[in-house]
Amino acid sequence: MTDFEPKIVSFLCNWCSYGAADLAGVGRAQYPPNVRVVRIPCTGRMSPKFFLVALREGADAVWVSG
Amino acid sequence: MPLKYGIDPTQCIKLTKDKCGNCEKVCPTGAIEYDQKETTVTLNVGSVVLATGFKPFDPTIFDTYQYSKFPNVVTALEFERILSASGPTKGHLITRSKDHSEPKKIAWFQCIGSRDMNKCDNGHCSSVCCMYATKEAIMAKEHNGDDLDCAIFYMDMRTPGKDFEAYYENAKKKGVRYVKSRIHTINPIPESESLEVRYVTETGQIDTEIFDMIVLSIGLESHPESIALAKKLNIDLTRSNFAKTTSFEPVSTSRKGIYVCGAFQGPKDIPESIVDASAAAADAGEALSSARNTLTKTAEEIIEANVQGERPRVGVFVCSCGTNIAGTIKVDEVAKYAESLPYVEFVTNNLFSCSQDTQNKISEIIKEKNLNRVVVAACTPKTHEGLFQETLLAAGLNKYLFEMANIRNHNSWVHKDQPEIATEKAKDTIRMSVAKVALFQPLEEAELQVDQTALVLGGGISGMSTALSLSRQGYKTHIVERSDVMGGQANNLFKTAKGESIQEKLAELVADVNNDGNITVHLNTSLENVQGFVGNFESTLVSGGKEENLKHGVAVMATGAYPYQPTEYAYGTDPRIVTSQELDQKFISNDPSLGSVKSAVFIQCVGSRNTERPYCSRLCCTHSVDNAIELKKRNPEVNVYVLYRDIRTYGEREYLFREARELGVIFIRHTLESLPQLSIDNGKIIIKTKDHVLHRPLEIEADLVSLATAIVPYRDEKIAQFFKLPMNANGFFVERHAKLGPSEFATDGVFLCGMAHYPKPIDEAVSQAKAAASRAITLLARETIHTSGQVASVNTSLCSSCGVCVSVCPYSAPSFLTEGRDAGKAKINPVLCKGCGLCVGSCRSGAINHRGFDTDQIFAQLYTLNEAV
Amino acid sequence: MDAYITKIKEISERLLKDGTVEAVIGFRQGTVPTMSEPCMIKRSDDVKDLVWDSNCRINLCNYLTNRKEKLAIVAKGCDSRNIVTHIIENKIKRDQLFIIGVPCKGMNDKNTGELQDNCGTCTHRNPVIYDELVGDLVEEQTDVDKYADVKKVEALSSDEKWNFFNDLYSSCTRCHACRNACPLCYCPTCFVDESKPQWVGKADDAVDIRTYHFLRAYHCAGRCTDCGSCEAACPQNIKVRQMTKKLEKDCSELYGWEAGLTLDERPPLDTFKVDDREDFIK
């Protein structure tokens, strides 16, 4: 499992987490490149189906943040 | 502060020694100019707003705390930085000892540089430290676990802000210790960097404790530069060197045209600063109202091309952002990859996509290549989406046919050392964006006219102040007042904390309102129905059985609150037992019974800070202290006692507390568990309590008892329902944002001020009234509103009429169609919709489309993940 | 039971004769002995067909959706709770309905003839809303562990769960009988039939089958009364309640919510409150 690189799809709320991820960049915080971001207008927009699609498309984890 | 770099001329060796010059060599845009000189610019202005803030108190002068010597004695501001993820410890709460160990015990010392005339000259209370210390303690526990011991050493806990008392109670539940004691000395422990403190407990014992870290809750004071500026501007300052204002003009300095907001007006928290800021804008706006829109220019209109039904032709612009992106990501490779994606017709790489010449170039390319969708792979849409949308508009393309791929903030900047993987990630991001943009459709923005009339609900000080500000800026305003008199609670009040006569000022205010041609007053009137939405409300006013319909663009809730009628302390059984307001009335009428008073007792928190009303009513401490002083001034022989739980004379009201003590008013503390007992025995009023210093029972005979009763909101469900306004458990309206939107609601077009928001003294009520007017005018001044095109819309053929969307929407955008073939199905008002997508996610029938974030568009992004993940 | 039937017939006849309602929705003898079938009686002469026994397991609320006429309906505890949800969700109006309440002691499993699983743990046997009762209220069960089966699955490891659900749905043919029997599934177009966007594939791919059951359970969250119609309808005898019950348990634990008990409040997932609990979001 040591070589395991998780593939993570993140749904980030435009108003908080997406901006926070922007700020992480401004602060040049370094983090692993395993995340692919989908910008959503609000976590209220989430549908259970989004998780299922992401997992079916090969993601190891789905992260919703908002 | 804009995120731009500057050169510090005192440090730059090019400027000081004419060496180096590297930055000029590497700057790809040639932005470095060493010969720039400081210039003086003269501006002619009609109004000046001072928002110069405060200076955190420097605790170095406290030699017994040795802040500059002990590494683990830090200021609260430094502690904030330690807790911050972008701070010096990257958010890890560690001591500043050599081993950077995690602290096990932290103490906060309150009132450092506040309420102190011995070591420093700050007699005022800084208003914010009790709350921030509590917040820091909770956050510290959240960081390092519940085992972390947090102790706050305080004099009075001052948490009189909205929801603050609940926060304080919650902190106690979470195990934050509150110790009422002021600590004299911090002693170092030899061979260790921990610190020892000795203090006297409430029971009179001396205790010793060792802490790993001590946080000094430093106060707020005026910056010497602000004080110098005030001298230059010739404005008056207060005793603590804050800008002097009056209760009825709380953001006007002593000099006409110069306004002040924020902590230079007096120490205060964020919401009050925001209120002040809007109020200052309103005052400045009154002076400017005749010039409104005289300097605006109309933009050239470009006809939008119709791309409906066309096959997507996507243009991808990959930005290098100088070296910000290109330094990590191989932009050429990414651009080449983008060419291979479906529907992509054109790809190029720009050095700086946001520069004006590149913008023009993009616009030209869109026209030349006949592109109908655009992806810019660059920085973040949060800052640059609007700019590129303008570029699309300039090229005659609907601005919603655009998507940004964030390959800088979310990629090159955060994966600096992994250029290969970062390049792959950029390809993924662009592929997902292209898949999404291909499904975009041109979107329309709804435009609606804003009725240039305002409705103000409530004719108290707040309502009248709002109306006057609106009127002075040129807007017709209607005040609806349920009673037969203007002025609300102020009709019963004697003096402000600054000593102004309330009755005199109130009469002036009422006269101003009555003489104002723009203001129509509706007395004895109730609001019976409201229809419509922002810009176009229609309200039904009923007065004496007669109905009147009023159209208005905005509404301000200034419905106020009222004093609690106590059932405790034998109130109502004896004329000598009165409420604070009733005592005020005695002062106003110079009641002869006051002359015979020999012993007066004030009892605080009557109906506040208890289980039924857990909030602090904010203004009663100052009110009682002020009235105690008044009694002493009228007759210094009167014995005056104030029985309190915490004295909350925040800000410069603290000087009143000091004055009262100097005049001989005796303050005796009790707790919620040991409330004073009042009995009437043979015509004598006897109050039993416990002396908190001697710990002995105490009996006071009183011939005047003044009860500081709670402020109770009207809890007007009907009005809340009409405008879809939220109310908290205590019955106060809930503002858009506790810190940043205190004078407005989440519901567009509806604003809030005065005690309907929270109990507050007159100066704060007037300030918020002006703020509400200011916020309302940001809408009124626009005349037409363009809403976002990225809103939800209902496909009625799929709608099952279940009403989830109607129920779940925080903005009341969905409603049921009432007529036609689709009656009973939902529709969404694009004007009210904020595009959050809550209804879209909640709709089981899949009947709601989310323009710009539609399900198939998000699916498209996810379906193109497969190569990515 | 006979007393119930007599009373049901008596009330139905009266309502049809005096024109209070246009039809009575109830049960009649089915074509197989272990299944009483729903029926709609429009003439008072036909009232004789009405029956009541322990095979009336189908939830009659399903037949109220979007009806415009005045109706009487025979309702046991769970049916009545779904009627409440139907009223909240604008599927029928209260004043259109005459609810003939039937205190219920549980329905029998169509295969074993023993008490159905859901009835064994039911805590709302009596109708929560009715206009007339056909008998005395029965004692409610209190000392039952409603979620023993859910807890068992919750305790499994990820792999075990995966296998459990794989097995659970292995015989599903996607006939959608569970959906059709469910009073909550009334959308004009069900997500399984939607093609733009395509929420779920149309074939019997295992992933699509799981997706279907998963999403349907989510649609029932906070609304499901555990009436068991879905399981009763399943020709493959799949325990389809396994998923809906998990969400019923969540709603109960997170929001203290039981579906269909009040007309005054919408289910927790239908509402937005600034002070909504969020401590379970981590």
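- In this structure, the side chains of B:Lys834 and A:Pro41 stay at 4.5 Å or more apart for every pair of heavy atoms.
- In terms of heavy atoms, B:His415 sits closest to A:Pro33 at CE1-CA, 3.3 Å.
- Taking B:His410, B:Gln861, B:Lys425 one by one and counting their heavy-atom pairs under 4.5 Å with chain A, the maximum is reached by B:His410.
- For the atom pair OG1 of B:Thr855 and NZ of A:Lys49, the computed distance is 11.0 Å after rounding to the nearest 0.5 Å.
- Of the two parts of A:Asn14, the backbone and the side chain both hold a non-hydrogen atom closer than 4.5 Å to a non-hydrogen atom of chain B.
- Under a 4.0 Å N-O distance rule, the pair B:Lys382/A:Asp22 does not qualify as a salt bridge.
- No side-chain N or O of B:Thr380 forms a donor-acceptor pair with one of A:Arg39 less than 3.5 Å apart.
- Atom OG of A:Ser47 and atom CZ of B:Arg844 lie 13.0 Å apart (nearest 0.5 Å).
- With a 4.5 Å cut-off on non-hydrogen atoms, A:Pro32 touches chain B through its backbone but not through its side chain.
- If you measure heavy-atom distances from B:Asn411 to chain A, you find no contacts under 4.5 Å at all.
- Interface check for chain A: of the options B:Asn409, B:Asn406, B:Val414, the most heavy-atom pairs under 4.5 Å are formed by B:Val414.
- In this structure, the portions of A:Tyr18 lying under 4.5 Å from any heavy atom of chain B include both its backbone and its side chain.
- Within 6.0 Å of atom CD in B:Glu444, 12 or fewer heavy atoms from other residues, nucleotides or ligands are found, so the atom counts as exposed in its surroundings.
- From A:Arg45, atom CZ reaches atom CZ of B:Phe853 across 9.0 Å, with rounding to the nearest 0.5 Å.
- Other residues, nucleotides and ligands place more than 12 heavy atoms under 6.0 Å from the NZ atom of B:Lys739.
- The side-chain contact (heavy atoms from CB on, under 4.5 Å) with B:Leu865 is formed by just one residue from the set A:Arg36, A:Arg56, A:Lys7; it is A:Arg36.
- How far CD1 of B:Ile858 is from CZ of A:Phe50: 4.0 Å, rounded to the nearest 0.5 Å.
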- prompt: When you look at A:Val38 and B:Met432, which way does the side chain to side chain contact (heavy atoms under 4.5 Å, CB included) test go after all the steps?
  reply: CA-CA 9 Å; A:Val38 176; B:Met432 290 163 71; 3.9 Å; yes
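- The part of A:Ala29 that comes within reach of chain B is its backbone (N, CA, C, O), which places non-hydrogen atoms under 4.5 angstrom from that chain.
- In this structure, no portion of B:Ser433 lies under 4.5 Å from any heavy atom of chain A.
- In this structure B:Phe440 satisfies the ring pair (Phe, Tyr, Trp, His ring centres under 6.0 Å) test with no other residue, sequence neighbours excluded.
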